[in-house]
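Below: one structure, written as structure tokens.
We name chains A, B, ... by the order of the sequence lines, and we start the count at 1 in each one.
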There are 2 protein chains.
Amino acid sequence: MKEKSLHIDGIDKIILKKLIDDARTPILSIAREVGISGAAIHQRLRKLEASGLIAGSKFVLNPKVLGYKTLAFVGIFLDAASKNSAAIKRLKEIPEVIESHYTTGNYAIFIKILCRDNEHLMNVLNVEIQNIKGVARTETFISLDQHIDRQISL
Amino acid sequence: MKEKSLHIDGIDKIILKKLIDDARTPILSIAREVGISGAAIHQRLRKLEASGLIAGSKFVLNPKVLGYKTLAFVGIFLDAASKNSAAIKRLKEIPEVIESHYTTGNYAIFIKILCRDNEHLMNVLNVEIQNIKGVARTETFISLDQHIDRQISL
DNA sequence: GTTGAAACACGGAACCC
DNA sequence: GGGTTCCGTGTTTCAAC
């Protein structure tokens, strides 16, 4: 299969920037801004989707409104690397775990975890995470403040 | 000011789950699924937005299509905590930095960084990050594989 | 790139229970 | 309060040009 070459021009960038900021931005408002028809914007979007660049569109929830105010990163040491896939399977069942990576460096697995408060975090760490077979120990970094949260720049 | 109590019932959950999955899901398709009118869905959405639960909606880009294939976490040690805000200001100017946190634990600042490849990552670390005033040293964890990436569960 | 038409989204008003 | 319908304007989506 031949790959489609992906040429993103200035109009595509404007379209994407608007939609990255707000996925429900009216296509026609973008059309008026760049001076082409709404249908043309739509065709460009379909091309960008077909290229795989647009992975999807999501509503973003504010966890604080639901009482989830503690964000933390946890590095997990495994006592045997072979326990990796079993541990990941268990991590998927813990709803507080919102990211999980297999990483180079000190840790075998590195996760991002969202809890109501420090007590909830402690409970998830001591009861859920530490009891996963193969988990030797963990190191936790609580995010006191997040200053940057963005996507790849165009 | 009295806070609005936030009661999320089953219908709200269905609406949110659909829109978290795809922010451009037609309201009427959700309406048909849950068996109420489109106007009612719309009213519920306005209420959820007013509560602050819905932080926004975003298009999600696939960095790999743009050639960005190396995701890493970097823990930053500062030689004086007072250099914190100046360092963060500089980090915001580095487009490869997509998340930045002020954390408890070993590091002063903890960032997530997205680069084209390992060479690009090395360049950003050695040229951009290490030259920020106050940065003593860094520890890098490259994500070899990401298994979980989701939002808070409802 | 364009137009045009059908389906859909949004917002207000009136109404029911 | 939350739900319904009806309606007008603007938007999305599609095929055809």
Side-chain angles (χ1 to χ4, degrees), chain A residues 1-68 150-152 154, chain B residues 1-62 65-66 151-154:
Chain A
M1 266 184 274
K2 192 150 175 263
E3 272 198 9
K4 279 256 180 145
S5 63
L6 183 58
H7 290 300
I8 302 177
D9 64 12
I11 292 178
D12 289 324
K13 283 191 185 178
I14 295 174
I15 297 169
L16 287 173
K17 278 180 183 167
K18 286 274 177 191
L19 290 172
I20 286 169
D21 193 54
D22 179 1
R24 290 187 89 95
T25 306
I27 302 295
L28 283 184
S29 79
I30 303 172
R32 282 188 290 269
E33 188 166 334
V34 300
I36 61 178
S37 71
I41 304 279
H42 196 247
Q43 286 169 28
R44 282 168 177 269
L45 274 175
R46 291 174 69 78
K47 197 178 61 182
L48 290 169
E49 275 173 24
S51 77
L53 175 58
I54 297 176
S57 65
K58 306 220 176 300
F59 256 52
V60 182
L61 300 189
N62 182 359
K64 289 177 183 167
V65 173
L66 293 174
Y68 282 72
R150 59 190 175 196
Q151 288 199 48
I152 185 173
L154 289 175
Chain B
M1 263 183 276
K2 194 153 176 261
E3 272 198 8
K4 280 257 178 146
S5 64
L6 183 58
H7 291 300
I8 301 177
D9 64 10
I11 292 178
D12 289 324
K13 284 190 185 177
I14 295 174
I15 297 169
L16 288 173
K17 278 180 184 167
K18 285 276 175 189
L19 291 173
I20 286 168
D21 193 54
D22 178 1
R24 290 187 91 94
T25 307
I27 303 296
L28 285 184
S29 79
I30 302 172
R32 282 189 292 268
E33 188 164 335
V34 300
I36 62 178
S37 71
I41 304 279
H42 198 247
Q43 286 172 33
R44 282 169 177 266
L45 273 176
R46 289 168 66 80
K47 198 180 60 181
L48 290 169
E49 274 173 25
S51 78
L53 175 58
I54 296 176
S57 64
K58 304 215 177 303
F59 257 52
V60 182
L61 300 189
N62 181 358
V65 173
L66 293 174
Q151 288 198 50
I152 185 172
S153 62
L154 290 174

Pairs meeting criterion salt bridge (charged side-chain N to carboxylate O under 4.0 Å, His left out) with involvement of residues 49-61 of chain B, two or more places apart
none
Quick one: side chain to side chain contact (heavy atoms under 4.5 Å, CB included) partners of B:Lys17, sequence neighbours excluded?
B:Leu154
Residues at least two apart in sequence or cross-chain that pass side chain to side chain contact (heavy atoms under 4.5 Å, CB included) with A:Lys64, listed by chain then number, are A:Asn62, A:Lys69
Among D:dT11, C:dT2, D:dT4, the nucleotide that comes nearest once only the side chain of B:Ser37 is considered:
D:dT4
Any donor-acceptor pair under 3.5 Å from B:Gln151 side chain to B:Ile20 backbone:
no
Does B:Lys47 put a side-chain nitrogen or oxygen below 4.0 Å from OP1 or OP2 of D:dG1?
no
Using a cut-off of strictly less than 4.0 Å, decide whether A:His42 has a side-chain nitrogen or oxygen near OP1 or OP2 of D:dT12.
no
Within this structure, what is the [atom1]-[atom2] distance for the pair [X] and [Y], rounded to the nearest 0.5 Å?
X: B:Leu28; Y: B:His42; atom1: CG; atom2: NE2; answer: 11.0 Å
X: B:Ile8; Y: A:Leu66; atom1: CD1; atom2: CG; answer: 5.0 Å
X: A:Asp9; Y: A:Arg44; atom1: CG; atom2: CZ; answer: 4.5 Å

May I ask you to list the residues of residues 17-28 of chain A, by number, that have any heavy atom positioned under 4.0 Å from an atom of DNA chain D?
A:Thr25, A:Pro26, A:Ile27, A:Leu28
Rounding to an integer number of Å, can you tell me how far [X] [atom1] sits from [N] [atom2]?
X: A:Glu49; N: D:dT13; atom1: CD; atom2: P; answer: 9 Å
X: B:Arg44; N: D:dG3; atom1: CZ; atom2: P; answer: 4 Å
X: B:Ile15; N: D:dG2; atom1: CD1; atom2: P; answer: 12 Å

Greater than 12 external heavy atoms within 6.0 Å of A:Arg24's CZ:
yes
Those residues that, when tested against A:Ser57, pass side chain to side chain donor-acceptor pair (under 3.5 Å) (two or more places apart):
B:Asp22
So which protein nitrogen or oxygen atoms get under 3.5 Å of nucleotides 12-17 of chain C's nitrogens or oxygens?
none

For residues 30-39 of chain A, dump all side-chain donor-acceptor pairs below 3.5 Å to protein atoms at least two apart in sequence or in another chain.
| unit_1 | atom_1 | unit_2 | atom_2 | d |
| --- | --- | --- | --- | --- |
| A:Glu33 | OE1 | A:Lys18 | NZ | 3.3 |
| A:Ser37 | OG | A:Ala40 | N | 3.2 |

The helix from C:dG1-D:dC17 to C:dC17-D:dG1: angle between end helix axes, five pairs per end, rounded to 10 degrees:
30°
Paired with B:Leu19, the side-chain contact (heavy atoms from CB on, under 4.5 Å) test is passed by just one of B:Leu48, B:Leu45, B:Ile41, B:Ile54, namely B:Leu45
